[in-house]
Amino acid sequence: MDINLIQNLKNQAISSILQAKSKDELENLRIAYLGRSGRVSELTKQIPNLNPEQKSEFGKVLNDAKKAIEDVLQNRVSNIQYPISGQEKIVDLTEPGTPIKIGHLHPTSIVINEMFEIFKHLGFSFMEDREIENDEFNFEKLNLPKDHPARSLQDALYIEDPEIVLRTHTSSIESRILSTCKPPFRIVAAGKCYRYENVNASNNAMFYQFQGVALQKGLTMADLKGTLLYFVKEFFGQERKVRFRCKYYPEVEPGGGLDLDCPFCKGKGCSVCKGRGWLEMLGCGMIHPNILKNCGHNPKEITGFAFGMGLDRLVMDRFEINDIRSLYNGDISYQII
Amino acid sequence: MRVPLVWLKDYVELPKDLSLLTDKLTMAGHLLDKVEHQKENTIIDLELRGNRADCYSIYGIAREVSALFDTPVKTFSIHPPLRKVESLPECKIEIKTPLVKRFMATIIHNVKIKPSPEWMKVKLEQYGIPPINNIVDTTNFVMIETGEPMHAFDLDLVGKKMDLRLAKKGESFTTFEGTLIKLTEEDLIFVNKKPMGLTGAIGAKDFSIQNNTKNVLFEAANYDRVNIRRTIRRHNLNTDAGLRHEKELDLNNVSIAFYRFLQIIKENDWGEIEPEIFDYYPNPVKERTIAFDLARIKVIGGVEIEKKSVLEILNRLNFRIKKNSGDELSIICPTYRTDVVQEEDLVEEVLRIYGYENIPPKILSLEIPSVITPNFVNQELNLKNKLIGLGFDEIISSAFVKPFYQKWNCLIEESEVGRPVLITNPPSPEIETMRMSLYPNLLEFTHRSISERVEETRFFEIGKIYFRRAGRYFEKRKLGIAFWKKTNSEFKDFKGFLETLLGTDFPVQSFKLTEDYIYYLEVDLDKIINGIVQPKVYLWPKYPPIIEDLSFTIPQNIKFQKIIQLIESTNKIIQSIKLIDSYENSKTFRITYQNPKKTLTDKDVKKVREEIINHLKIKLGIKLKE
């Protein structure tokens, strides 16, 4: 007996099954090939007439072929599209599916990830550092000596030792990295900061900031401006208008601020932007020469820039949350994110 | 600061278009907060820079407008200088502390107290100070005009002597607004027999100008600004004088303002000015000279500005050029620019007048530095993604624990010993105790969800815990996972998630079982993250497996884990062991044998099977059920 005979039978059967257009047609094919007196059975009946060696080989091949035909047939039967006959089960495709739970990232994480992705394209790394910080790294090194007026704007939360604070801004990460890392580098960081605040819908004693620091010979305000414009357009949309203006921060010289056109009034002035037409987005500038010196760099030889912004406001705008406390107190119902 | 335009235009020509004015001021560092229209008057409210003490005055803003629009600034008239004496004959002033940097005073006799003229009233009202009488109003007017605070006393109430010194314990006075101020030993005061006011902040009612005042002691001064700032904050005194004195004012402006005041008195014939003045000024301030390398503008600003334009900008800002050779300049700064102390400050001055909008944006054309993101950042992200895939929602909770949940605020890892970090100046009891575990807040959030009638909660938080031990502070990154199900809650469900997430072999500190059947796990992130290996890829094996089920009778007290380990260690061809049935002490295991290199025969499997049965019997006393 010829093995090819079996292969041909298999190929013929499979191609007919694949071309079949209805369930009836498939049923007829099943009877013709796999039925009690079908063509596969006929071949099986010939096995006892073979010699032992052939028996085993022929049996195996025939069995494989039978299995293959069955599989294809089964597959077609369950998938075929056909006019529904009275006996078929009617499925209402508009009924809801079985619920499958998927988790959600916290809105703040979503925003941080998105921002980090953008800065990654510009060669920035991601950094973290301690939240329990000392006065030196949170203030002194950052050109904020004791009794600097800016300190009174950032009332710290103190913990027992007067030299230890919960960091009041992510700039402490700046003084850490400037003191420990060899240039060139570009980093962004996001994290919790703490201040003595009377808690209300727009102020929280714990909040998130986002910080960027770059230190490299040749960096200028033009790089800072380009970096921030790229970020703002990627994050908020290409159509948004941006204003890059002079602003004072003790940590930078020259200092700058970046404003974005108010999305609610399109720059005409409304209650959200207090009639300004602009929303303050972030503070930035070239790292102050005193900070570079404090952290062991020569300001005549290397330049760097830094920027910082509050994150919670961005998150609140993105997810239409109007109370900062809702972000971290369990108010978020993840059912609807 | 509120800037009435009617006042500002006394000193400088203003552009016709208001927004042109406010836009330029904003771009140059003085943000327009809002515009207020009062009838035909316009007041612009500017958010001034904290380091520009000179701008807390209408004249200072006029100088900025002049520099921005390149228009001349008109000066105001001042009284000719008067003769300085060691001591005023009618009132001996003694300065008893180095906190006073300059103190000028004189006496005006036979003052005519009356309402101020209309022009002065209008300006003060638009600025936001209610007019009182001509003398008080003039001190306020000159303060707003020049930025230098000043004060007028009733000389007859003061008497023959006035000291400036730090207050003594127990001293106090009542302000003209009627507030009692209890002084501390750090407050700098005017005093004769009694305190007459806090210098630099507010005067006492008992010594101020009255309707029947005849003779005036008038002073303008400069004090240690740190001391003033502390005093203001201590006593919560947000006065116009304090707002200015806490900044770095120009000591030379004291005399300008002083003589400006006298000029207004003289012009209006409001009193007879004594020809002698007291001027305590131990360390006169001189103009600062700064070396300015023009190449720094390009290096810092990233923009090429012609030397001609730079010189013109500096001139518009009243910076004088002392030396001018090539790119090397030497600049003399006017003393009112107390904020300009080094080259970088001059770079900013040039850039802000040149216009930040004219700096070309450049996207980091320099060489890209190497990536220094620590490994754990990406690993943490992967872990979060896995958890989300398992249906867990990410929580970010407060770093503090509310009083009610503090009973659960303990360190979970056995090796960690410490006590919670406590805030010494907590704004509220909820922001006082830092978390030593992520558990209290996850528990709170779970309770909250349960009360919202959800069927099931799956929460995780990746965050820091904080503790103090032996005077040192520690922060550790933890992963906390909380699971609760309303019906058919079983520990096995929770453990299933953990095994998918962390594998069967993770360092568990503790499983917590609460009365609500909220399951919780907390692990040290640094520990598990180091253990997480790169994902592997497996291909389907080429040779078929042999699968068989074996049932055993298991004596009590034998842990499941032990049986599995024993079976696994029997032979390498055992691919997997699954518990498929369990009834009382009888358990059925499905064992998969597979050899990646060949097809297994019954003989191969028989040998291994016998080994398994033998091992279990000898080592654990487990018998095969026939």
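Keep in mind the model is a prediction, meaning the values are calculated, not measured. Labels below follow one simple rule: chain letters A, B, ... track the order of the sequence lines, proteins then strands, and each chain is numbered from 1.
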### Message
My understanding is that only residues two or more places apart in sequence, or in another chain, count here; which of them pass salt bridge (charged side-chain N to carboxylate O under 4.0 Å, His left out) with A:Lys217?
### Response
none
## Note on the structure
Between the CZ atom in B:Phe445 and the CD1 atom in A:Ile332, the distance rounded to the nearest 0.5 Å is 8.0 Å
### Task
Sort B:Arg225 into side chain, backbone, both or neither according to what part of it lies under 4.5 angstrom from a heavy atom of chain A.
neither
### Message
Please classify the contact of A:Ile164 with chain B as side chain, backbone, both or neither, using a heavy-atom distance under 4.5 Å.
### Response
side chain
### Task
Report yes if the side chains of B:Leu31 and A:Arg245 come closer than 4.5 Å at any heavy-atom pair, otherwise no.
yes
### Task
Report the option among B:Pro374, B:Gly391, B:Gly302, B:Ser370 that has the most heavy-atom pairs separated by less than 4.5 Å from atoms of chain A.
B:Gly391
#### Entry: Test: A:Lys247 and B:Glu47 ion pair at under 4.0 Å
no
### Query
So which of B:Leu32, B:Leu387, B:Asp33, B:Val377 has the biggest tally of heavy-atom pairs under 4.5 Å with chain A?
B:Asp33
### Summary
Distance col, row B:Glu357:CD vs A:Cys246:SG, nearest 0.5 angstrom, shows 11.0 Å
### Summary
Heaviest contributor of heavy-atom pairs below 4.5 Å to chain A, chosen from B:Ile368, B:Val371, B:Ile372, B:Ile363, is B:Ile372
### Query
If contact means a heavy atom pair closer than 4.5 Å, which residues of residues 344-351 of chain B contact chain A?
B:Glu344, B:Asp345, B:Val347, B:Glu348, B:Leu351
### Query
Is there a side-chain contact between B:Glu343 and A:Lys300 (heavy atoms, below 4.5 Å)?
yes
### Query
So which part of A:Asn204 gets closer than 4.5 Å to some heavy atom of chain B, the side chain, the backbone, both or neither?
neither
### Message
As an exercise: rank A:His288, A:Glu160, A:Met206 by heavy-atom pairs under 4.5 Å with chain B and give me the winner.
### Response
A:Glu160
### Query
What part of B:Ala28 is in contact with chain A, defined as an atom under 4.5 angstrom from a non-hydrogen atom: side chain, backbone, both or neither?
backbone
### Task
With a 4.5 angstrom heavy-atom cut-off, could you sort out which part of A:Ile177 is near chain B: side chain, backbone, both or neither?
side chain
### Query
Is a side-chain donor or acceptor of B:Lys362 paired with a backbone partner of A:Ala222 at a separation under 3.5 angstrom?
no
### Task
Run the numbers on A:Lys146 and B:Val226 for side-chain contact (heavy atoms from CB on, under 4.5 Å), then give the verdict.
CA-CA 9 Å; A:Lys146 294 221 162 48; B:Val226 171; over 6 Å; no
### Top contributor to chain B contacts, counting heavy-atom pairs under 4.5 Å, from A:Asp259, A:Leu166, A:Asp161
A:Leu166
### Query
Under 3.5 Å, is there a donor-acceptor pair between the side chain of A:Lys225 and the main chain of B:Ile359?
yes
### Side chain, backbone, both or neither of B:Val303 within contact of chain A (heavy atoms, under 4.5 Å)
neither
## Note on the structure
CG (A:Asp223) and OG (B:Ser365) are apart, to the nearest 0.5 Å, by 5.5 Å
### Message
Taking side chain as everything from C-beta outward and backbone as N, CA, C, O, which of these in A:Arg276 sits under 4.5 Å from a heavy atom of chain B? Side chain, backbone, both or neither.
### Response
side chain
### Query
Considering all heavy atoms of both residues, which atom of B:Gly301 and which atom of A:Thr220 are nearest to each other, and what is their separation?
C-CB, 4.0 Å
### Query
Highest number of heavy-atom pairs under 4.5 Å with chain A: which of B:Leu422, B:Ile431, B:Val299?
B:Leu422
### Query
Tell me, do A:Pro184 and B:Glu367 make a side-chain contact under 4.5 Å, heavy atoms counted?
no
### Message
So which atom in A:Gly218 and which in B:Leu366 form the shortest heavy-atom distance, rounded to 0.1 Å?
### Response
C-CD1, 3.8 Å
### Query
Does any non-hydrogen side-chain atom of A:Ser109 lie less than 4.5 Å from one of B:Lys384?
yes
### Query
If you count heavy-atom pairs under 4.5 Å with chain B, which of A:Leu219, A:Ile100, A:Leu228, A:Val199 comes out on top?
A:Leu219
### Message
Between A:Asp331 and B:Arg448, does any side-chain N to carboxylate O distance fall below 4.0 Å?
### Response
yes
### Query
Side chain, backbone, both or neither: which part of A:Asp147 has a non-hydrogen atom closer than 4.5 Å to chain B?
both
### Query
With a 4.5 angstrom heavy-atom cut-off, which part of A:Leu122 approaches chain B: side chain, backbone, both or neither?
both
### Task
Drop me the distance from B:Ile396's CD1 to A:Lys192's NZ, to the nearest 0.5 angstrom.
6.5 Å
### Message
For the interface with chain B, which of A:Thr303, A:Leu224, A:Leu157, A:Asn290 has the highest count of heavy-atom pairs at distances below 4.5 Å?
### Response
A:Leu157
### Message
I'd like to know whether A:Lys120 forms a side-chain contact (heavy atoms from CB on, under 4.5 Å) with B:Thr373, so could you lay out the CA-CA distance, the side-chain angles of the two residues, the decisive distance to 0.1 Å, and finally the verdict.
### Response
CA-CA 10 Å; A:Lys120 222 167 160 181; B:Thr373 304; over 6 Å; no
## Note on the structure
Greatest number of non-hydrogen atom pairs under 4.5 angstrom with chain A, of B:Glu452, B:Lys34, B:Gln342, falls to B:Gln342
### Task
Could you look at A:Leu327 and say if it's the side chain, the backbone, both or neither that has a heavy atom under 4.5 Å from chain B?
backbone
Indicate every side-chain donor-acceptor pair of residues 461-477 of chain B with a distance under 3.5 Å to a residue at least two apart or in another chain.
{"from": "B:Glu461", "atom 1": "OE1", "to": "B:Ser397", "atom 2": "OG", "distance (Å)": "2.8"}
{"from": "B:Glu461", "atom 1": "OE2", "to": "B:Ser397", "atom 2": "N", "distance (Å)": "2.9"}
{"from": "B:Glu461", "atom 1": "OE2", "to": "B:Ser397", "atom 2": "OG", "distance (Å)": "3.3"}
{"from": "B:Glu461", "atom 1": "OE2", "to": "B:Arg435", "atom 2": "NH1", "distance (Å)": "3.0"}
{"from": "B:Lys464", "atom 1": "NZ", "to": "A:Asp129", "atom 2": "O", "distance (Å)": "3.1"}
{"from": "B:Lys464", "atom 1": "NZ", "to": "B:Glu475", "atom 2": "OE1", "distance (Å)": "3.0"}
{"from": "B:Tyr466", "atom 1": "OH", "to": "A:Glu131", "atom 2": "OE1", "distance (Å)": "2.4"}
{"from": "B:Tyr466", "atom 1": "OH", "to": "A:Tyr194", "atom 2": "OH", "distance (Å)": "3.3"}
{"from": "B:Arg468", "atom 1": "NH1", "to": "B:Tyr473", "atom 2": "OH", "distance (Å)": "2.3"}
{"from": "B:Arg469", "atom 1": "NH1", "to": "B:Val417", "atom 2": "O", "distance (Å)": "3.1"}
{"from": "B:Tyr473", "atom 1": "OH", "to": "A:Ile159", "atom 2": "O", "distance (Å)": "3.2"}
{"from": "B:Glu475", "atom 1": "OE1", "to": "A:Glu131", "atom 2": "N", "distance (Å)": "2.9"}
{"from": "B:Glu475", "atom 1": "OE2", "to": "A:Glu131", "atom 2": "N", "distance (Å)": "2.8"}
{"from": "B:Glu475", "atom 1": "OE2", "to": "A:Ile132", "atom 2": "N", "distance (Å)": "2.6"}
{"from": "B:Lys476", "atom 1": "NZ", "to": "B:Glu416", "atom 2": "OE2", "distance (Å)": "3.1"}
{"from": "B:Arg477", "atom 1": "NH1", "to": "B:Glu380", "atom 2": "OE2", "distance (Å)": "2.1"}
{"from": "B:Arg477", "atom 1": "NH2", "to": "B:Asp526", "atom 2": "OD1", "distance (Å)": "2.8"}

### Message
Can you tell me which portion of A:Tyr208 sits under 4.5 Å from chain B's heavy atoms? Options are side chain, backbone, both or neither.
### Response
side chain
### Message
Could you measure the distance from the CG atom of B:Asp45 to the NZ atom of A:Lys274? Nearest 0.5 Å is fine.
### Response
9.0 Å
### Query
Under 4.5 Å between any side-chain heavy atoms of B:Arg233 and A:Asp155, yes or no?
yes
### Message
Could you work out, with ring-ring contact (aromatic ring centres under 6.0 Å, His included) as the rule, every residue matching A:Phe126, not counting sequence neighbours?
### Response
A:Phe116
### Message
Within the structure provided, determine whether A:Pro254 and B:Ile300 are in side-chain contact (heavy-atom separation under 4.5 Å).
### Response
yes
### Task
Name the region of A:Thr227, side chain, backbone, both or neither, that has any atom closer than 4.5 Å to a heavy atom of chain B.
both
### Summary
Note: vs chain B, highest number of non-hydrogen pairs under 4.5 angstrom among A:Phe185, A:Tyr328, A:Tyr248, A:Tyr249 is A:Tyr248
## Note on the structure
d(A:Lys101 NZ, B:Thr457 OG1) to nearest 0.5 Å is 8.5 Å
### Task
Kindly say whether A:His104 contributes a backbone atom to a donor-acceptor pair with the side chain of B:Asp393 at under 3.5 angstrom?
yes
